[in-house]
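Here's the structure, in structure tokens; my notes come after.
In what follows, every chain begins at residue 1, and chains take the letters A, B, ... in the order their sequences are listed.
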There are 2 protein chains.
Amino acid sequence: MDSFDMKIIEVLMDNSRIKWADLAAQIGLSAPAAAERVSRLQEQGIIKKFGALIDADLAGCELTAFVAVSLARPEHRGPFLQLMNSLAEIQECHHIAGEDDYLLKIRCRNTKDLDRVISHEIKGLEGIIRTKTTIVMDTAKETTRLPIHKGR
Amino acid sequence: MDSFDMKIIEVLMDNSRIKWADLAAQIGLSAPAAAERVSRLQEQGIIKKFGALIDADLAGCELTAFVAVSLARPEHRGPFLQLMNSLAEIQECHHIAGEDDYLLKIRCRNTKDLDRVISHEIKGLEGIIRTKTTIVMDTAKETTRLPIHKGR
DNA sequence: TGTGAAATAGTTCATTT
DNA sequence: AAATGAACTATTTCACA
């Protein structure tokens with residue numbers, strides 16, 4: 001990943017529908033050269049996908065919560081992760097260091113909906129020792145941008 | 001937001017570089033009609049932006065952490081939020097209910113880099129009572145998809 | 001709001017440097 | 001690896017429903 005690729009990523013993180021000619025002009029390359037670099041970045045997996053970022057509130061997801069989960073034993077992980085992947089409300093699932101095992105980011109309609117996800121879906125599984133829920137009252141910043149480094 | 005808009009959002013969340021003609025075919029509309037609906041969704045703020053999703057690890061951000069922050073008094077919020085917005089490493093900043101005031105999602109290069117952000121940048125501010133850091137060891141799921149409801 | 005056709009604009013590919 | 005230009009596609013605009 002050279003400095004052209006870094007510039008391409010910078011631009012595409014903010015505007016993935018840009019025309020190749022315009023992207024090329026911004027980075028100082030011809031359109032075909034820019035287009036080829038973008039496909040290469042996709043093949044390498046550096047660009048995972050191009051997606052629309054939707055306003056959660058306006059799309060009817062007015063509640064955001066973080067839920068820490070503790071599992072009884074390692075063999076409960078498989079079914080737990082399978083459930084996480086199947087639930088649309090689970091936006092993120094991180095295996096964490098510390099007191100608890102997993103930290104989830106959940107987006108749903110309202111508190112009743114959150115109760116369904118936590119009390120029925122998640123706690124319905126075997127091996128869930130406890131959950132600790134943190135309600136988000138306001139989101140001051142939320143971005144998919146990353147500080148891009150030289151990579152590998 | 002009618003059912004055409006919901007389908008459009010569904011498709012665009014996964015592939016924002018789709019040709020309008022192909023999007024139109026998927027939802028059963030003509031290309032100009034689809035393109036017009038997309039601009040309307042952007043004007044309404046439902047589509048916030050089109051962006052590339054970058055693999056954090058491959059882009060050199062190998063460390064993810066969640067940091068809970070407590071502020072001494074409400075007047076410390078302004079400078080704190082200003083700092084959050086200025087730091088590229090802060091991907092998310094949520095005002096939360098409970099023991100702490102804010103929950104941050106931080107993406108950076110390594111533990112040394114995290115130390116710089118927390119110990120120097122954040123704790124360098126006045127009014128920071130304490131921070132509690134949770135290191136992410138593995139991310140099992142991370143998506144920008146949302147369960148789309150009827151909206152408003 | 002939607003459609004279809006014409007005009008405009010962008011992308012891709014073969015070739016050259 | 002990248003630029004160029006021609007052939008091929010896609011998008012946008014506009015008249016009309």
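- By the 6.0 Å contact criterion, CD on B:Glu142 is enclosed, its count of non-hydrogen atoms from other residues, nucleotides or ligands being greater than 12.
- Aromatic rings of A:Phe50 and B:Phe50 (six-membered ring for Trp) have centroids beyond the 6.0 Å cut-off, not under it.
- Between B:Ile8 atom CD1 and C:dG2 atom C1' the separation is 13 Å, expressed in whole Å.
- For the pair B:Lys141 (side chain) and A:Ile90 (backbone), a donor-acceptor distance under 3.5 Å is present.
- Side-chain proximity of A:Ser30 to C:dG2, D:dA3, D:dT12: nearest is D:dA3.
- Put simply, CD on A:Glu36 is 11 Å from C1' on C:dC13, counting in whole angstrom units.
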For this session: Under the side-chain contact (heavy atoms from CB on, under 4.5 Å) rule, what do B:Ile54 and A:Lys48 come out as? Steps first, then yes or no, please.
Result: CA-CA 6 Å; B:Ile54 303 304; A:Lys48 291 199 286 189; over 6 Å; no
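- In this structure, CG of B:Asp2 is placed 9 Å from P of C:dT1, rounded to the nearest angstrom.
- We find that NZ of A:Lys19 is positioned 17 Å from P of D:dT9, with the value rounded to whole Å.
- Taking every side-chain heavy atom of A:Pro32 into account, D:dT4 is the closest of D:dA2, D:dT4, C:dG4.
- Closest heavy-atom contact between B:Phe4 and B:Gly28: CE2-O, 4.1 Å.
- Side-chain nitrogen and oxygen atoms of A:Arg17 include none within less than 4.0 Å of the OP1 or OP2 phosphate oxygen of C:dG10.
- Within 6.0 Å of CD on B:Gln44 lie more than 12 heavy atoms contributed by other residues, nucleotides or ligands.
- Along DNA chain C, the nucleotide nearest A:Ala35 and the nucleotide nearest B:Ala31 are compared for position; the residue whose nucleotide lies closer to the 5' end is B:Ala31.
- Using a 4.0 Å cut-off, no side-chain N or O of A:Arg37 falls inside it from OP1 or OP2 of D:dA1.
- At whole-Å resolution of the value, CD1 in B:Ile27 and C1' in C:dT3 are 14 Å apart.
- Listed nucleotides D:dT11, C:dT3, C:dT1 differ in distance to B:Trp20; the shortest reach to its side chain belongs to D:dT11.
- Note on the helix from C:dT1-D:dA17 to C:dT17-D:dA1: terminal axis deviation equals 30°, with five pairs used at each end and the result rounded to 10°.
- Going from atom CG of B:Leu29 over to atom P of D:dT11 covers 14 Å, rounded to whole Å.
- Nearest heavy atom pair, residue B:Ala56 against residue A:Leu146, reads CA-CD1, 3.6 Å.
- Between B:Arg40 and C:dT1 there is a side-chain N or O to OP1 or OP2 distance below 4.0 Å.
- Distance, B:Glu43 CD to C:dT1 C1': 15 Å, rounded to whole Å.
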